[in-house]
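These notes concern the structure reproduced below.
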Amino acid sequence: MSEALRTELTRVASRLGADGIEFVLERPRGAGHGDLATNLAMVLAQRERANPRHTAERVLQELQLAPDLVARTEIAGPGFINFWLAQDQLAAAHREILEAGAAYGRSVWGAGRKINIEFVSANPTGPLHVGHGRGAALGDAISSLLEWTGHAVTREFYINDAGVQIDRVAASLWARVRQEAGYPAEVPEGGYHGEYLRENARRVLAEQGPELAELPESEGLRRCRELALRIQREEQDRDLADFGVRFDVLSSEQAVYDGGKVERALGMLAERGLTYEAEGALWLRTTQFGDDRDRVLRKGDGSFTYLVPDIAYHIDKHERGFDQAIDVWGADHHGYIPRMKAVLAALGYPPDFFAVELVQLVRVVRGGDEVKMSKRSGEFVTLRDLVEEVGVDAARYFFLMRRGDSHLVFDVELAKKQTDENPVFYVQMAHARLSGIFRTAECEPAAISGSLDLAALPAPDDTELLKKLVLFPEEVEKAARQHDPHRITVYLHELATAVHGWYHRTRTVGEAPDVERARLLLARSARIVLANALTLLGISAPDRM
RNA sequence: GCGCCCGUAGCUCAGCUGGAUAGAGCAACAGCCUUCUAAGCUGUGGGUCGCAGGUUCGAGUCCUGCCGGGCGCGCCA
């Protein structure tokens, strides 16, 4: 909607001898400053050491604006030029909502870009916790945002099935199996002590028969490793599926080793002179790329550090043809970013190939009290427990309510409340109320179509709601650019406020026929936008509550 | 000690590429139901944007230093 105006302002700028000057055309924060405002006159004046308000007058003289585009202009403050858009613009924008329907808000600016987004990637060593849940919600929503803006997105999960941690789970499960069968055994140092491993031990004994516990240690460990991996993976998949998150590709660390990709990666690094031997280990010169120390690739015992398969894995992503690989990581891994960037820069990949989105910790509280842990895991609140208590919609909304890199306080009492204090409820209620209007009117939303007659909508609430609706595509694009779904929750809350206010102060059913029709059109479009925004975040849009 | 992130109303947080008088929600207080969900709406009070400098026509936003909090700095992942 602002494109035509921006083009015209650019033309005026070059006519006034400032070709290519940078200026801002934005939506002013407060009302009273129009629909759009530009600082063009101020930046021009600065350059010419002129009075900005005089320059603004010259700009206005040069501006040629179609009357169906801008209704009114003014010079304000230190030299801003404010624009009020013509009603035709709003009516046209409204038509787009109805025409696009469930696709309203989608765009094509990312067309052709292949993006891989890797998230959750939890070690298969235990149940998923709330931190993983936040990562899942965030990764999934960023994926959707990128899809909505035309990117080709692959959601990917990396299974760390090759490291030391798996050995520890295997040993811990083996110990529990032995204990369950009545033998003396201890969970080893550095092992996993959660209650879930006792449950799993009982389960595998029932499935595999008591002979399992009789096996020699090496064979028992081998079997427990397989069983633990399978059980944890199944459980993670189930937890994620129940949370509405599905992955396109599951990659395995073990497969990276098995496919010879690790050796290849080492070869690529050595070729570029980036590795050296010292103190019995193989090192990578990451300091050349801004890291604060070099990193070990191959340990003294001949095995590789986690960095090696990870590098190989990211090379693989590049070779699969992705233009960008986004990783969603827990904030405690932030120190790892310079290392990975260093490596990928050394390999000559474009600087924006690799991006990391950090997810901060989640503190779960109930009322005022911190919820410390789950009985089952013994260490943390599980995603499953949380979702069972508050539901998928509330969990997702709460996880997305804050920017990923800020700490999140998750109040389970609040998430369960059926009042407007609960933001999820408040937003979903707006959708349900709009649906209620159509029930009362006894017609399907889709049956109301055609152009919106703004003259039939006298209330300020009508216009305010409409203006909020047509911002949606822009919000999606901004959120996608910044990999920041939380912007959508902020927008949703503002939109819901506009809907509730409109609903409260205006009537639809039973008004004069032209007013009723116009309001039904407005209600239909508001319902579309609310549903689209909620769907984008993986949250349902209920018709009644 | 070094590095990264954060510090905005009593609480939880917005604040886009530096723009106009710093905004929401909750909590507090005061109102609003013969009307499509009062499961809602309206109003009031509440701020040294951690502190001190700097850059700029203009700083919550950029730079420097300090204070406070979180995380990281492993031949763990």
Side-chain angles (χ1 to χ4, degrees), chain A residues 22-24 26-30 32-33 37-39 42-43 45-46 49 51-52 76-80 82 121 123 125 160 162-166 168 190 253 279-283 290-293 295-307 309-310 330-338 358 360-361 365 368 401-403 405-409 411 414 417-423 425-426 428-430 432-441 474-475 478-479 481-482 484 486-487 489-490 493-494 497 499-511 519-520 523 544-545:
Chain A
E22 285 195 23
F23 64 92
V24 175
E26 66 178 357
R27 228 163 276 285
R29 255 203 296 231
H33 295 301
T38 182
N39 68 345
M42 284 149 77
V43 289
Q46 186 176 357
R49 305 206 162 277
N51 179 326
F80 288 101
N82 298 332
S121 295
N123 284 337
T125 55
N160 297 102
V164 179
Q165 301 302 329
I166 285 297
R168 290 184 180 157
E253 182 180 1
E279 301 162 47
L282 182 70
W283 295 75
D291 201 357
D292 50 12
R293 52 168 298 184
R295 304 292 167 175
V296 170
L297 294 173
R298 194 181 58 232
K299 306 181 223 171
D301 67 2
S303 66
F304 296 111
T305 60
Y306 58 94
L307 185 57
D310 233 22
D332 53 341
H333 287 62
H334 75 255
Y336 189 48
I337 299 174
L358 293 180
Q360 278 289 358
L361 299 177
V365 301
M401 217 162 45
R402 307 281 174 248
R403 280 176 39 192
D405 62 3
S406 69
H407 293 266
L408 174 69
V409 177
D411 186 340
L414 179 60
K417 272 193 185 158
Q418 302 287 296
T419 69
D420 61 333
E421 291 165 56
N422 179 352
F425 181 86
Y426 182 78
Q428 289 183 319
M429 188 64 206
R433 284 183 138 179
L434 292 171
S435 303
I437 293 177
F438 288 96
R439 277 195 295 275
T440 307
E474 196 177 309
E475 289 295 331
K478 280 184 191 167
R481 258 183 221 288
Q482 295 170 25
D484 190 7
H486 125 273
R487 290 190 65 100
T489 63
V490 172
H493 199 274
E494 287 171 3
T497 301
V499 168
H500 285 306
W502 174 81
Y503 181 92
H504 187 76
R505 284 182 293 269
T506 68
R507 301 256 92 208
T508 299
V509 182
E511 293 290 290
R519 292 238 162 91
L520 283 171
R544 37 173 109 234
M545 298 185 71

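Within every chain, numbering begins at 1; the chains are lettered A, B, ... in the order of the sequence lines, protein sequences first and strands thereafter. Since the structure is predicted, the reported quantities are computational estimates derived from the model, not experimental observations.
- Of all nucleotides listed (rU17(B), rC76(B), rA20(B)), rA20(B) comes nearest to the side chain of H33(A).
- Spacing between atom CG of D332(A) and atom P of rC71(B) amounts to 10 Å, rounded to whole angstrom units.
- Comparing A76(A) and H493(A), the nucleotide of RNA chain B nearest to each residue sits closer to the 5' end for A76(A).
- In this structure, N422(A) atom CG and rC26(B) atom P are separated by 11 Å, rounded to whole Å.
- Looking at heavy-atom distances under 4.0 Å, M42(A) makes contact with a base.
- When each of R487(A) and L358(A) is assigned the nucleotide of RNA chain B with its nearest heavy atom, L358(A) is the one assigned upstream, toward the 5' end.
- We find that CD of E421(A) is positioned 17 Å from P of rU12(B), with the value rounded to whole Å.
- Within 4.0 Å of A432(A), counting heavy atoms only, lies at least one base atom of the nucleic acid.
- Residue contacts shown for A37(A) include a base, since a base heavy atom lies under 4.0 Å away.
- Heavy atoms of R481(A) sit nowhere under 4.0 angstrom from any nucleic acid atom.
- The side chain of K478(A) places no N or O atom within less than 4.0 Å of a non-bridging phosphate oxygen (OP1 or OP2) of rU17(B).
- More than 90° away from 0 lies the glycosidic angle of rC26(B), which makes this nucleotide anti.
- Among the atoms of the strands shown, base atoms are found under 4.0 Å from some heavy atom of R439(A).
- For H334(A), the side-chain atoms get nearest to rG3(B) when compared with the rest of rG19(B), rG3(B), rA39(B).
- The two atoms that bring K299(A) and T305(A) nearest to each other are CG-CG2, 3.9 Å, heavy atoms only.
- Among the protein residues, G163(A) comes within range of no part of the nucleic acid, since none of its heavy atoms lies under 4.0 Å from any strand.
- Contact annotation: R433(A) side-chain N/O to rA38(B) OP1/OP2 distance is under 4.0 Å.
- Using a 4.0 Å heavy-atom cutoff across all strands shown, A331(A) reaches sugar-phosphate atoms only and no base atom.
- The phosphate of rC41(B) has neither OP1 nor OP2 within less than 4.0 Å of any side-chain N or O from T497(A).
- At a cut-off of 3.5 angstrom, counting only N and O atoms as typed in the model, there is no donor on one side facing an acceptor on the other between the side-chain of H333(A) and the base of rG72(B).
- Residue-level contact check: Y426(A) touches the backbone only, with heavy atoms under 4.0 Å from sugar-phosphate atoms and none from bases.
- Using a 4.0 Å heavy-atom cutoff across all strands shown, E279(A) reaches at least one base atom of the nucleic acid.
- Per the geometry, CG belonging to L297(A) stands 13 Å off P belonging to rC76(B), to the nearest Å.
- Checked against rA14(B), rU37(B), rG19(B), the side chain of V43(A) finds its nearest nucleotide in rG19(B).
- Between rG72(B) and R293(A), no contact under 4.0 Å exists linking OP1 or OP2 to a side-chain N or O.
- Looking at the side chain of R295(A), the nearest of the listed nucleotides rC76(B), rU17(B), rC73(B) is rC73(B).
- The base of rA14(B) lies outside donor-acceptor range of the side chain of H486(A), with no N or O pair under 3.5 Å.
- Distance CD/Q360(A) to NE2/H334(A): 9.0 Å, rounded to 0.5 Å.
- If you check every strand for non-hydrogen atoms under 4.0 Å, T419(A) touches sugar and phosphate atoms only.
- Checking N160(A) against Y306(A) by side-chain atom types alone, no donor-acceptor pair falls below 3.5 Å.
- Taking every side-chain heavy atom of F425(A) into account, rG40(B) is the closest of rU37(B), rA20(B), rG40(B).
- Summarising the geometry, the separation between CZ on R402(A) and C1' on rC6(B) is reported as 15 Å, rounded to the nearest angstrom.
- Regarding contacts with the backbone of rU42(B), a side-chain N or O of R505(A) is found under 4.0 angstrom from either OP1 or OP2.
- Within 4.0 Å (heavy atoms only), N39(A) reaches at least one base atom of the nucleic acid.
- H500(A) comes within contact range of the sugar-phosphate backbone alone, with a heavy-atom separation under 4.0 Å but no base atom that close.
- With ring centers used as reference points, Y426(A) lies under 6.0 Å from H493(A).
- With rounding to whole Å, M545(A) atom CE is found 14 Å from rU37(B) atom P.
- Between Y336(A) and R295(A), every side-chain heavy-atom pair lies at or beyond the 4.5 Å cut-off.
- Rounding to whole angstrom units, CH2 of residue W502(A) and C1' of rU37(B) are separated by 14 Å.
- In this entry the distance linking NE2 of H504(A) with P of rC41(B) reads 8 Å, nearest Å.
- Across all strands, Y503(A) comes closer than 4.0 Å to base atoms (heavy-atom distances).
- Side-chain atoms of N39(A) do not come within 3.5 Å of backbone N or O of F23(A) as any donor-acceptor pair.
- Considering only side-chain atoms of E253(A), the nucleotide from rA14(B), rA77(B), rU17(B) that sits closest is rA77(B).
- At the heavy-atom level, T506(A) lies under 4.0 Å from base atoms of the strands shown.
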Salt bridge (charged side-chain N to carboxylate O under 4.0 Å, His left out) evaluation trace for D405(A) with R403(A): CA-CA 6 Å; D405(A) 62 3; R403(A) 280 176 39 192; 2.9 Å; yes

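- In terms of polar N and O atoms assigned as donor or acceptor, the side chain of N82(A) comes within less than 3.5 Å of the base of rA20(B) in a complementary pairing.
- Taking only side-chain atoms of T440(A), from C-beta outward, the nucleotide of rC75(B), rU37(B), rC76(B) with the closest atom is rU37(B).
- When all heavy atoms are compared, the tightest approach of P52(A) to P78(A) is CB-O, 3.3 Å.
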